[in-house]
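Single-structure report; data block below.
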Amino acid sequence: MIEITLPDGKVLEYASGITPYEVARDISEGLARNVISASFNGNTVETVTPLKEDGALVLYTWNDEAGKKAFWHSSSHVLAQALEELYPGVKLTIGPAIENGFYYDVDFGEHTVSEKDFDAIEKKALEIARGKHDFKMREVSKADALAHYKEEGNDFKVELIENLQDGDITFCDHSTFTDLCRGGHIPNTGIIKAFKVLNVAGAYWRGDENRPQLTRVYGISFPKQKDLKEYLELLEEAKKRDHRKLGKELELFTFSQRVGQGLPLWLPKGAALRERLENFLKQAQKKAGYEMVVSPHIGQKELYVTSGHYAKYGEDSFQPIHTPKEDEEFLLKPMNCPHHCEIYRARPFSYRELPKRYAEFGTVYRYEQSGELHGLTRVRGFTQDDAHIFCTNDQLDAEFKNVIDLSLYVLGSLGFENFRAQVSVRDPENPEKYIGSSDNWDKAEQAIINAATEKGLDFVIEPGEAAFYGPKLDFMVRDALGRQWQLGTIQVDYNLPERFDLTYKGSDNELHRPVMIHRAPFGSMERFVALLLEHTGGNLPLWLVPEQAILLPVSEKHEKYAEKVLNSLENREIRALVDARSETVGKKIREAELAKYPFMIIVGDQEAEEGKISVRRHGGGDLGSLTVEAFADLIQKEINSTLKTFESKLN
RNA sequence: GCCGACGUAGCUCAGGGGUAGAGCGUUUCCUUGGUAAGGAAGAGGUCACGGGUUCAAUUCCCGUCGUUGGCUCCA
């Protein structure tokens with residue numbers, strides 16, 4: 001007999017060889033019907049795996065993440081079989097489940113697969129699914145496994161198997177299909193009722209751009225047709241929140257082929273929005289003891305050789321600008337920090353004067369690979385809300401925590417609650433990617449982890465994600481389509497102070513090396529605005545939105561009164577405009593709703609007589625008639641409820 | 001940079017070997033309106049660009065540029 005412990009702590013006794021499915025059936029018929037995967041003592045097992053020792057069993061249904069994973073992993077087998085049947089001779093490589101669905105990387109040889117083929121693939125996959133084939137795992141010796149794939153001429157699988165231990169190799173069979181597989185399947189293919197191929201993309205074998213490029217076929221599947229329909233509708237909704245679409249509709253920014261790819265042009269409304277964001281941060285920064293500085297857009301190549309950026313990114317930068325007569329070399333600045341280091345060097349500092357906090361909305365230029373450019377989130381010219389803090393070692397901890405406070409204030413004020421905090425540290429396997437002493441790295445990494453822990457941040461540690469000069473704490477936010485982007489960043493740097501020979505005079509009358517913190521709570525204005533748009537669906541917070549209200553005169557007769565109201569709104573710092581076109585009120589309202597103005601103010605005879613305004617809330621309908629004062633209060637109240645003032649922890 | 005897709009009016013898009021269409025917007029006129037589209041007429045396009053095939057290319061083929069989904073990269 002063996003003892004099976006369930007998640008609720010209940011212990012059941014069974015004869016050795018009982019399967020998770022049988023345990024589920026023992027608990028309830030309903031669970032037995034729905035169980036699609038299980039884990040035993042922390043390892044994923046099949047629902048038909050015989051359990052032969054005491055242990056903890058967790059049963060999963062479609063509603064569990066692990067259940068979905070098994071479902072999608074199994075679906076990738078079905079996809080693979082469909083591809084093999086439709087395109088004989090394809091070489092399969094790997095096909096994991098991902099966050100939303102699954103993919104399979106396939107070498108199609110000469111054949112190319114495109115959207116036109118999706119229908120056929122889906123049809124074939126569903127046909128296979130309907131066959132209700134059981135997934136069956138079997139152990140294979142390394143020699144047999146290698147022989148199997150060598151015969152097929154599949155070098156990819158051979159390479160995978162060569163890296164596995166003999167005795168640790170399993171194949172999974174279903175229908176006529178066999179794949180090298182570690183396990184974790186649903187009972188049979190029949191559970192897959194809906195199947196969709198989403199897109200195809202190139203992907204390098206093992207993520208290495210020097211190795212062959214495969215075709216990655218992305219798909220998603222569901223146990224119910226309705227789930228697929230809902231998922232596709234969700235994707236459609238997400239597209240409506242795409243910042244590229246909203247930016248165009250709201251007239252915030254544009255791109256011009258003539259100016260160049262990845263170089264955003266900010267339209268008047270976008271520029272005004274940006275300015276408000278900048279002022280918002282400037283105000284908080286002032287309280288937090290920052291001083292604004294300004295530096296030029298180019299710098300001598302030597303500056304970046306000194307900083308180490310040239311050695312690391314010289315080839316991947318816009319190439320040097322040459323002066324016509326002296327042939328001096330300048331670089332478009334890719335970073336503000338070297339400039340700020342030179343600002344620090346402008347005069348000697350005593351420890352009594354530190355920390356120095358230099359802030360600048362600095363525009364930088366980076367040569368990003370053309371395939372990487374994406375709307376405002378990945379561009380070649382962008383403005384960082386940058387600052388560099390020069391402090392003593394003793395001050396580092398407190399300064400870092402102050403910056404965390406400021407970053408959280410910024411994210412909180414703009415409604416970003418679902419960010420992910422990520423501590424990026426060195427890749428232990430590639431130490432040569434980083435500059436600076438291992439000692440300093442240890443200190444810096446520890447300082448960040450301590451500060452994040454003390455601030456109660458829920459963070460994950462990502463090895464290999466550090467900048468080449470130091471570790472960092474990043475705030476990651478997802479876009480409409482679920483892709484993660486880095487917004488705010490805080491980085492500890494022992495390196496640049498050394499390279500620029502920065503010093504301060506200590507209490508011991510000796511020169512000491514300051515520590516530097518790089519930080520940008522927004523990250524870049526471009527990316528921040530992009531994510532803010534996606535996050536809000538274009539319904540920006542009232543304090544930020546370009547126009548808070550649009551005045552809609554009922555007819556041309558009322559234009560004059562509208563102008564008068566506009567004037568008194570402007571006197572109360574409310575941003576508004578008049579729609580004086582000769583259109584019906586209905587049409588003006590419809591268009592104002594679509595243009596996402598937070599408030600619509602209808603003025604006609606009634607209002608003019610009473611000296612009031614009729615207010616309509618975007619998406620919320622008629623609020624009735626108000627005095628201008630009452631409306632101004634309403635706006636102020638809403639702004640105050642979302643926009644808190646920054647409380648600095650400075651003494 | 002790599003693989004795939006896409007590029008038609010200001011915007012959203014249809015079409016297709018015989019040099020172009022819709023809706024919205026814009027312009028003019030009529031209408032002076034009360035909480036999500038009042039009516040009419042007009043203007044607007046080297047069908048991204050450059051080659052090739054063809055009697056004929058916006059349409060088919062190749063290349064370039066741009067956009068896009070991924071991959072790699074991201075100071």
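Chain letters run A, B, ... following the sequence lines, proteins first and then strands; every chain starts at 1. This structure is a prediction, so every number in the text was calculated from the model and none was measured.
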Just how far, in rounded Å, is C1' of B/C6 from NZ of A/K116? 11 Å

Is it the case that B/G34 (base atoms only) and A/E607 (side chain only) share a donor and an acceptor within less than 3.5 Å, ignoring hydrogens and angles? yes

Looking at the base of B/C65, is there any donor atom on it, or on the side chain of A/Q257, that sits under 3.5 Å from an acceptor on the other one? no

Here's a test for you: under side chain to side chain donor-acceptor pair (under 3.5 Å), which of A/H374, A/R380, A/R378, A/Q261 qualifies with A/E368? A/R378

B/U46 and B/G7, which share atom name C1', separated by this distance in whole Å: 15 Å

Rounded to whole Å, the CD-P distance (A/Q606 to B/G33) equals 13 Å

Is any side-chain N or O of A/K248 closer than 4.0 Å to OP1 or OP2 of B/U67? no

Students often get this wrong, so: under 4.0 angstrom with heavy atoms, is A/R216 touching a base, only sugar-phosphate, or nothing? sugar-phosphate

Is there a donor and acceptor pair, one atom on the side chain of A/S582 and one on the base of B/U31, closer than 3.5 Å? yes

Base, sugar-phosphate alone, or nothing: which one does A/D622 contact when heavy atoms must sit under 4.0 Å apart? base

Does A/R478 pair with A/E534 as a salt bridge, N-O distance under 4.0 Å? no

Donor-acceptor pair between A/D105 and A/W205 side chains, under 3.5 angstrom: no

Mind checking the P distance from B/G66 to B/A14? Whole angstroms is fine. 24 Å

Is the positively charged end of A/R216 above the ring of A/Y103, judged by distance under 6.0 angstrom from the centroid and angle within 45° of the axis? yes

Give A/G375 one of three labels, base, sugar-phosphate or nothing, depending on what nucleic acid heavy atoms sit under 4.0 Å from its own. sugar-phosphate

With heavy atoms under 4.0 Å as the rule, sort A/G371 into base, sugar-phosphate or nothing. base

Can you tell me which nucleotide in B/G34, B/A36, B/A5 comes closest to the side chain of A/V585? B/G34

To the nearest angstrom, how far is A/R380 atom CZ from B/G1 atom C1'? 11 Å

Taking ring pair (Phe, Tyr, Trp, His ring centres under 6.0 Å) as the test, write out the residues that go with A/H309, two or more places apart. A/F468

Where RNA chain B forms runs of at least three Watson-Crick or G-U pairs (i with j, i+1 with j-1, under 3.5 Å), the stems are B:1-7 with B:65-71, B:10-13 with B:21-24, B:26-30 with B:38-42, B:48-52 with B:60-64

What integer number of Å spans the P atoms of B/A57 and B/G44? 25 Å

Side-chain N,O (A/K312) to OP1/OP2 (B/C74) below 4.0 Å: no

Picking from B/U35, B/A75, B/A5, the nucleotide nearest the side-chain atoms of A/S114 would be B/A5

Among B/U35, B/A75, B/U32, which is the nearest nucleotide to the side chain of A/M335? B/A75

Send over the distance from A/H618 NE2 to B/U35 P, rounded to a whole Å. 18 Å

Listed nucleotide nearest any side-chain atom of A/F468, set B/G69, B/A5, B/A75: B/A75

Residue A/K472, side-chain atoms from C-beta onward, closest of B/A36, B/G25, B/A75: B/A75

Indicate, with a heavy-atom threshold strictly under 4.0 Å, whether A/H374 touches base, sugar-phosphate, or nothing. sugar-phosphate

Of all the nucleotides listed (B/U35, B/G25, B/G1), which has the minimum atom distance to the side chain of A/Y367? B/G1

Separation of B/G69 C1' from A/K239 NZ (nearest whole Å): 10 Å

Answer yes if the ring centres of A/F390 and A/H340 are under 6.0 angstrom apart, and no otherwise. no

Distance between the P atoms of B/C60 and B/G39, in whole angstroms? 38 Å

Is it true that A/E99 and A/K68 make a salt bridge, defined as a side-chain N closer than 4.0 Å to a carboxylate O? no

Is there a donor N/O on one and an acceptor N/O on the other, under 3.5 Å, for the side chain of A/R366 and the base of B/C73? no

Looking at every strand, decide which applies to A/L552 at a 4.0 Å heavy-atom threshold: base, sugar-phosphate, or nothing. nothing

Same-atom distance (P) from B/G42 to B/C3, integer angstrom: 50 Å

Does a nitrogen or oxygen in the side chain of A/Q369 sit under 4.0 Å from OP1 or OP2 of B/C73? no

So which one's nearest nucleotide on RNA chain B is more toward 5', A/K245 or A/V200? A/K245

Whole angstrom is fine here: how far is it from CZ in A/R211 over to C1' in B/G1? 19 Å

Quickly work out the A/L373 CG to B/G1 P distance and round it to whole Å. 9 Å

Contact class for A/S307 (heavy atom, under 4.0 Å): base, sugar-phosphate, or nothing? nothing

Indicate, with a heavy-atom threshold strictly under 4.0 Å, whether A/Y218 touches base, sugar-phosphate, or nothing. sugar-phosphate

Across the strands shown, which category fits A/R483 at heavy-atom distances under 4.0 angstrom: base, sugar-phosphate, nothing? sugar-phosphate

Could you tell me whether the phosphate oxygens of B/A75, OP1 or OP2, come under 4.0 Å of any side-chain nitrogen or oxygen in A/Y313? yes

Presence of A/Q213 side-chain N/O under 4.0 Å of B/C71 phosphate oxygens OP1/OP2: no

Does A/A203 reach a base, just sugar-phosphate, or nothing at all? Heavy atoms under 4.0 Å. sugar-phosphate

Can a donor-acceptor pair under 3.5 Å be found between the side-chain atoms of A/Y204 and the base atoms of B/G1? yes

Is the A/F330-A/Y365 ring centre distance short of 6.0 angstrom? no

Would you find a donor on one side and an acceptor on the other, under 3.5 Å apart, between the side chain of A/D242 and the backbone of A/R244? yes

Between B/U8 and B/C13, how far apart are the two C1' atoms, rounded to whole Å? 9 Å

If we take the C1' atom in both B/G17 and B/G25, what is their distance in whole Å? 33 Å

What is the distance, to the nearest angstrom, from the CZ atom on A/F318 to the C1' atom on B/G1? 14 Å

Remember a base hit wins even if backbone is also touched, and classify A/V554 as base, sugar-phosphate or nothing at under 4.0 Å, heavy atoms. base

Checking A/H388 against A/Y358 for the ring-ring contact (aromatic ring centres under 6.0 Å, His included) test, could you report, in this order, the C-alpha distance in whole Å, the side-chain angles of both residues, the deciding distance, and whether it holds? CA-CA 5 Å; A/H388 295 94; A/Y358 294 146; 9.1 Å; no

Judged by nearest nucleotide, the residue sitting upstream toward the 5' end of RNA chain B, A/T215 or A/C337, is A/T215

B/G52 to B/U59 separation - C1' atoms, rounded to the nearest Å: 15 Å

Establish, from distance only, whether the side-chain atoms of A/S295 and A/K333 form a donor-acceptor pair under 3.5 Å. yes

Under 4.0 Å, heavy atoms only, any strand: does A/Y469 hit a base, just the sugar-phosphate, or nothing? sugar-phosphate

Heavy atoms under 4.0 Å, any strand shown: does A/D316 hit a base, just sugar-phosphate, or nothing? base

Under 4.0 angstrom, heavy atoms only, what part of the nucleic acid is A/R244 near: base, sugar-phosphate, or nothing? sugar-phosphate

Quick one: sort the A/F528 and A/F416 rings into parallel, tilted or perpendicular, breaks at 30° and 60°. perpendicular

